[in-house]
Amino acid sequence: MHFRTRGELVVDRLNVALLFVIAALMIFPFFYMLVVSFTSYREYMNTDLLLWPKTWVLDSYRYIFSSKQFMQSIGNTVWITVIGTVIDLAMTSTMAYGLSRQVPGRKYINFMVLLTFLFSGGMIPTYLVVKATGLIDTSWALILPGAISAFNLLIMRQFFMGIPNELTEAAIIDGASEMKVYTHIILPLSKPVLAAFGLFCAVGHWNTFFDAILYLNNPDKWTIQVILRQIVVLSDTASSLKPTLMAQQVRDQHLPPPETIGMAAILVATVPILFVYPFLQKHFAKGVMLGAVKG
Amino acid sequence: MNKNWIRVQAAACVAFVMLFSAACSSKNNDNGGASSTDGSTNVSAKTADTAADPLAKKLKITAFEGLWGKVLPSDSPGVKAIDEKFNIDYKPEFVPMDQAQQKIAVLMASGSQPDILGLEGVDSNFIKWAKQGAFLPLNDYIDKYPQLQQIPKSIWDSVSVDGKIYGIPQYFHVKYMNSAVIRKDWLDKLGLPMPSNYDELLQVSKAFTEKDPDGNGKADTYGFSTSKGIDWNNRMGVYYDIGAWYHKNEQGQLIPGIISDDANLDRLKFMQDAYAAGTVPKDWPVMEYTDARQVFWSGKAGIYYEGIPGTGSMWNLLSENAPDAEVVPIPPFKAPDGSQGQPGMSGYYTMKTLSSKLANDPDKIDRILTMVNQFMTFTPFDQRNPQNENYDWKQGGVDKGYTYANGVADLSGDNDAKVAARPSTFFTVQEWAPSDEALELDKGLKNPKEAAYAKAVIEEWNKPNYVYIDPFSSIHSDVFNEKMGALYDKVMDGETKIILGQEPLSYFDTIKADFLKNGGQAIIDDVNKQIEAVGATGTWK
């Protein structure tokens, strides 16, 4: 048994204190948003730094929840996130499993996947593909084109290859089909990697912003991030000289709603995705790359 | 090293592929235009049959544009009203303004150009596309539509490329640019005269900070407010304006105010002293523009800047916090060269272009320009009421799109349903006023403080020889568009250092030299060349 020396104890305590400070720094912006979102606009404008409102008001939340566009965009985003994540995982894991087995042409397909690392199509060719496949103005345009990420695919393939071949072989000898091996052996053993990528994908879909603007023509289908930006975005003044003079005046007449509403909107849009983290925490802790390293 | 080389090659390949695809798509456009020639004879034949009623044929018209305001769904009542009135199937699309440029670039490159494309202004993309033949030249159409004839030639010139008019500019007043305002009630209370130069401005700022002008017994007021990027630069007239092309260098070339000693040194000295004396919030270099604005409108600073029409909610805030507040414009300072006035603006903001694919579809061109003509018709202030048919229709009908009480139409934008009922929300052509005064911007303002202020501003701007018409407004310079943004930010960083006292005033020479070396001289050369070519000169109006 090793008894800690005085010095080590001091360092330990300092460590804990420091971590508390860092944690507080991380939590403070959220706390501030929460406080401001419950403050009246007048009080907010008249106070330099708000730490606790004098009166708590629900106006901002009333405004947000009564806004049809806001609620609709949350609905759209939830839909895209759930369906998108399921499709991402299904597509990526089936392809990764296939590539982890001895299928003919595997090398060629691997090469094709790797190629996309070097040559990305770019915005315009991708737009052309989406247009040609008739996905413009549908939520599928936000899900299908990016369903398989080459990076995720390769890591997942590596993870599957790390599962002892004997398991698969034994199952096949016992008469299991490839599909059965995939669903009954590979997937249950791959929960950490699925959870980790599931989280990545979900966050990615939740944050969909530019794709929504690019592919969706009807604002009814926009995602929460687009609406959020319209609510909170502040005009960026000095970007260029000449247009600014007039843009500034036009902008001043179309000011975003007050900051209190902005804060409430950010909270409402951020909290749902934050709640996903704790549930995936235990898998996530095991690490994404864990599967890629032979234990 | 090897990896980097692969990346470079990859990037080059991608660039090549993109260029190639762009080239292909513009070729497709041409083909599309050519192949529809056959159809055009039919179209014109049909037009002849139905000449009696130009709206007889139902047409589909697509439009795309960036918006500063909220984007509403295009199946709103406002769109249906447009469809009915003009017998069209109107498909407008809007995206937030700061994202519009990117989407427009994608639409253009992928051959999805809409019939009507709205652009924020003349930029290098506009000129490039115009030269590639993407837009319809409008020269031959203008005479047919009375409202279009109202637009002055100088503004048509600024949306033309090689003599061809490619855009329909949208009205924006030349006068009333945002400029300095001051709390007159504070001046009176402290017995101070209106400042007429930077020394006096400094004295006033100090008094506003130290002498408790709001009389609450606390030292909680500032002389003035500003934000990062030095949001309005405390410019006090054209001479001190960093954006105007007013001053000349030793070679006789016009230069932008941003690097002129005349425009900057007095102003920077003032801001340096004012900062040292604590008359501006200490954290301004990291403050957002909205926070700086809040300092003034919540009644804690005496000097800021504002234009008309202002923002109603800000005036209400000031009225609540400081019921005695009286805000008036600070007249521009009399400059060493004898001038005393404000810079004018270019007279338009945003424009509409028509797709060149429409060239063989005279019906559609006529329909679109008829709509433009209708929306552009100016309604004088005293006719903005339900009895004026055109106005009432454009704003969605009384009690549906707007409310009308005490002789004033209320067009506020806080009710989505009302905004969605207005055709003017979805066909964003501005009314073209015969003059800036005809707008009567001081009328119909709900807040009495704002109304009084607007009246004072209009009076101020109506002084003779007050508005400087910048020759820069008549030209467009690719070099300027490409390089100015980054250079501007750098100059502002340098000026911030001077104001904070980290660098002496003489550091401005370094800023200036950097500016000229890193592309500033190229901008000046190009702008001067263009100005000479069109023969524009700076004039006072």
Side-chain angles (χ1 to χ4, degrees), chain A residues 41-42 44-48 67-69 72 117-128 130-131 136-137 209-210 213-214 216-222 226-227 229-231 233-259, chain B residues 6 10 13-14 17-18 21-22 68-75 93-99 102-103 105-106 109-110 112 120-121 172 177-178 227 229-231 242-243 256 258 288-290 294 297-298 307 309-311 313 317 320-321 345-346 349 413 416 472 480-481 484-485 488-489 492:
Chain A
Y41 182 51
R42 195 176 163 196
Y44 169 76
M45 289 296 265
N46 288 327
T47 323
D48 285 336
S67 157
K68 186 178 148 237
Q69 223 176 359
Q72 204 171 27
F117 267 100
L118 289 176
F119 302 95
S120 98
M123 193 160 63
I124 291 160
T126 315
Y127 184 86
L128 286 171
V130 174
K131 194 179 155 200
I136 292 284
D137 215 13
F209 170 68
F210 189 64
I213 286 185
L214 196 56
L216 302 181
N217 301 336
N218 189 346
D220 275 350
K221 293 175 186 156
W222 279 351
V226 182
I227 304 299
R229 213 177 141 87
Q230 287 194 60
I231 293 181
V233 123
L234 310 170
S235 39
D236 177 18
T237 35
S239 55
S240 73
L241 275 175
K242 202 183 158 202
T244 321
L245 303 177
M246 277 152 285
Q248 197 180 38
Q249 292 213 335
V250 175
R251 229 179 290 168
D252 282 352
Q253 295 158 35
H254 293 280
L255 277 183
E259 288 81 347
Chain B
I6 290 180
C13 287
V14 171
V17 169
M18 281 171 73
S21 60
W68 283 116
K70 198 171 182 180
V71 177
L72 293 166
S74 37
D75 53 0
E93 260 182 54
F94 300 99
V95 299
M97 186 61 101
D98 45 352
Q99 249 64 46
Q102 271 180 290
K103 180 151 180 180
V106 173
S110 64
S112 320
E120 200 183 357
F172 201 89
M177 191 172 93
N178 290 343
S227 72
I230 324 179
D231 77 45
I242 60 165
I258 193 165
E288 292 294 339
Y289 141 74
T290 45
Q294 177 190 337
W297 293 105
S298 59
T311 313
S313 59
L317 182 77
E320 271 183 42
N321 281 325
M345 295 183 280
S346 59
Y349 175 66
D416 281 1
F472 185 82
F480 179 92
N481 290 339
M484 195 56 172
Y488 180 89
D489 290 345
M492 287 306 124

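Note on naming: letters A, B, ... go to the chains in the order of the sequence lines (proteins, then strands), and numbering restarts at 1 for each one. Any value given below was found using the heavy atoms of this structure, including those in side chains, with hydrogens, waters and symmetry copies removed.
Although no hydrogens or angles enter the test, the distance criterion places no donor-acceptor pair under 3.5 Å between the side chain of B/Q99 and the main chain of A/F209.
Checking each of B/V95, B/L72, B/V71 against A/P219 for a side-chain contact (heavy atoms from CB on, under 4.5 Å) leaves exactly one that passes, namely B/V71.
Here the shortest heavy-atom pairing between A/Q69 and B/K70 reads OE1-CE, 3.1 Å. The minimum heavy-atom distance linking B/K103 with A/N217 is given by the pair NZ-OD1, 3.4 Å.
Heavy-atom pairs under 4.5 Å with chain A peak, among B/P96, B/G307, B/A105, at B/P96. Here A/I213 is the residue among A/I213, A/I136, A/D220 with the most heavy-atom pairs under 4.5 Å with chain B.
Of the two parts of A/L216, only the backbone, made up of N, CA, C and O, holds a non-hydrogen atom closer than 4.5 Å to a non-hydrogen atom of chain B. Within the 4.5 angstrom heavy-atom criterion, only side-chain atoms of A/N218, from C-beta onward, approach chain B. A/K221 does not touch chain B: none of its heavy atoms, backbone or side chain, sits under 4.5 Å away.
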Next item on the list: Test side chain to side chain donor-acceptor pair (under 3.5 Å) on A/K131 and B/S112 and set out the steps.
Entry: CA-CA 9 Å; A/K131 194 179 155 200; B/S112 320; 3.1 Å; yes
